There are 2 protein chains.
Amino acid sequence: MKGYLWSATPGPGGAPLAHLARWETVAVDAVGNVIEFWGFKRNQGRVWAFLYLRDAAFTAAEIEKELELSKGGVSMLVRDLERWGVIVRVRSPGDASWRYRAETDLMKMARQVIEEREFAFIARIRLDLDEALRLAESARANKESIRRLKRMGQLAEATERALKLFLRTSQLDVKGMFGVFAARS
Amino acid sequence: MKGYLWSATPGPGGAPLAHLARWETVAVDAVGNVIEFWGFKRNQGRVWAFLYLRDAAFTAAEIEKELELSKGGVSMLVRDLERWGVIVRVRSPGDASWRYRAETDLMKMARQVIEEREFAFIARIRLDLDEALRLAESARANKESIRRLKRMGQLAEATERALKLFLRTSQLDVKGMFGVFAARS
DNA sequence: TCTATAGTTCAAGCGGTCTTGAACTTCATG
DNA sequence: CATGAAGTTCAAGACCGCTTGAACTATAGA
């Protein structure tokens, strides 16, 4: 007695028949796309966007139905979002199930994970390049090769610096929401 | 009569037995990782790094052998790299085959593609959110929903701004770093 | 022109990630 | 404690992009 009405026919045109308003679907998917761009799962973004837009607490079953996800999927998605602190889990008094509510801006999640995951990644690359340099020197590689190796290291360094700046900026952007940057391009 | 000696046994430990020096392998793979991080193919980075480190022109067959790639793969990889202008194709007088040589810094390629691909992507997302906003307004959605929709738009905007800043910075980094490009454009 | 080698293309295979759904565990309630 | 719904886990499978390799085309040299 679950949501068979909903999961029954996705339809040939691919049009979802969940009862989200059209504008909600569009917005929710757009957020899914942004967040995917930042290296997260599209559906993490969709779940957060749904909760954020509705500005209310929903059960996993409701999320499952509205966004046409699987039970297991919702369980994992809300766990991730909760761990990152962008949604909270609340238990209503007379209710048998947990409800979820959007808490903070999604950017928080992006910053957090980028800090952990991406910096570790770049650090690893720099270590590799350092090792290559040491090996090259002890192998008496020619001068030009060593010069170029160093240059490669700087490529990674530039990446890391850019990433840091990027994080710092995104933080400022969200805080100082209105102002400064005029619509360009 | 190809490179059977090389492709024969990758070995259980995964150690490649091509005759790149150890330090070259490490460096080449590190560059492959950075570039993958930027959304390119790992092997595009490896090919460029190989050519750049050796500072000489190599044939496709040589690249294929040294980096343990397939013939078709090398063909496509060098085509991409050439299109982005980070390697050049030269024909030696008495030689039957083309040779490839690293031309510019890889960062050039990153900047170029990020400009085209990623900005288009974000632009698309912003259009979607704009549409959602219009739809929501004509559907007389409640005030708070509309407020939150606008906020989502700013998330995409922040992303776009961060990306721009990122590009600008990487450019500055490279210029200042290597001094290759004279003063200002 | 003919032949051999270089170079290109793309369908099929491979590998990695995301999602599903059923079995299982936990929990609120009677 | 018994029951059923809520919630979790994870193996199997869907999905997607990258790589391979064989067929094909182009080109240099005889």
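In this text, all values refer to a predicted model and were calculated from it rather than measured experimentally. When reading the values below, keep in mind they use all heavy atoms of this one structure, side chains included, and skip hydrogens, waters and symmetry mates. Letters A, B, ... mirror the listed sequences (proteins, then strands); counts begin at 1.
Both B:R99 and A:G72 lie near DNA chain C, and the one whose nearest nucleotide falls closer to the 5' end is B:R99.
Within the cation-pi definition used here (under 6.0 Å to the ring centroid, within 45° of the axis), A:R148 qualifies as a partner of B:Y52. Both the sub-6.0 Å distance and the 45° axial angle are satisfied by A:R117 relative to the ring of A:F40.
Between A:R42 atom CZ and D:dC16 atom P the separation is 10 Å, expressed in whole Å. Across the protein-nucleic acid pair, A:R46 atom CZ and C:dT19 atom C1' stand 12 Å apart, rounded to whole Å. The CZ-P distance, from B:R83 to C:dT8, rounds to 12 Å in whole Å. Rounded to whole Å, atom P of D:dG17 lies 12 Å from atom CZ of B:R117. Straight-line distance from the CD atom of A:E36 to the P atom of D:dC15: 15 Å, rounded to whole Å. The separation between A:Y100 atom OH and D:dA6 atom P is 12 Å, rounded to whole Å. When the P atom of D:dT8 is taken as reference, atom CH2 of A:W98 falls 10 Å away, rounded to whole Å. With rounding to whole Å, B:D95 atom CG is found 9 Å from D:dG29 atom P.
Of the listed nucleotides (C:dT20, D:dA6, D:dC18), D:dA6 has the atom at the smallest distance from the side chain of A:A96. Side-chain atoms of B:K71 lie closest to C:dG7 of the nucleotides D:dC18, C:dG7, D:dA6.
Side-chain contact check for B:R42 versus B:I35: every heavy-atom pair is 4.5 Å or farther apart. B:I146 places a side-chain heavy atom less than 4.5 Å from the side chain of B:E137.
Regarding contacts with the backbone of D:dT19, a side-chain N or O of B:N43 is found under 4.0 angstrom from either OP1 or OP2.
Within a 6.0 Å radius of CZ in B:R22, no more than 12 heavy atoms belonging to other residues, nucleotides or ligands are found.
None of A:V28, A:V47, A:L20 except one satisfies the side chain to side chain contact (heavy atoms under 4.5 Å, CB included) rule with A:E66; the exception is A:L20.
Contact annotation for A:R89: backbone-only contact, meaning every heavy-atom pair under 4.0 Å involves sugar-phosphate atoms and none involves a base.
Residues in residues 138-159 of chain A take part in no ring pair (Phe, Tyr, Trp, His ring centres under 6.0 Å) pair, two or more places apart or across chains.
DNA chain D lies under 4.0 Å from at least one heavy atom of each of the following residues of residues 73-80 of chain A: A:S75, A:M76, A:R79.
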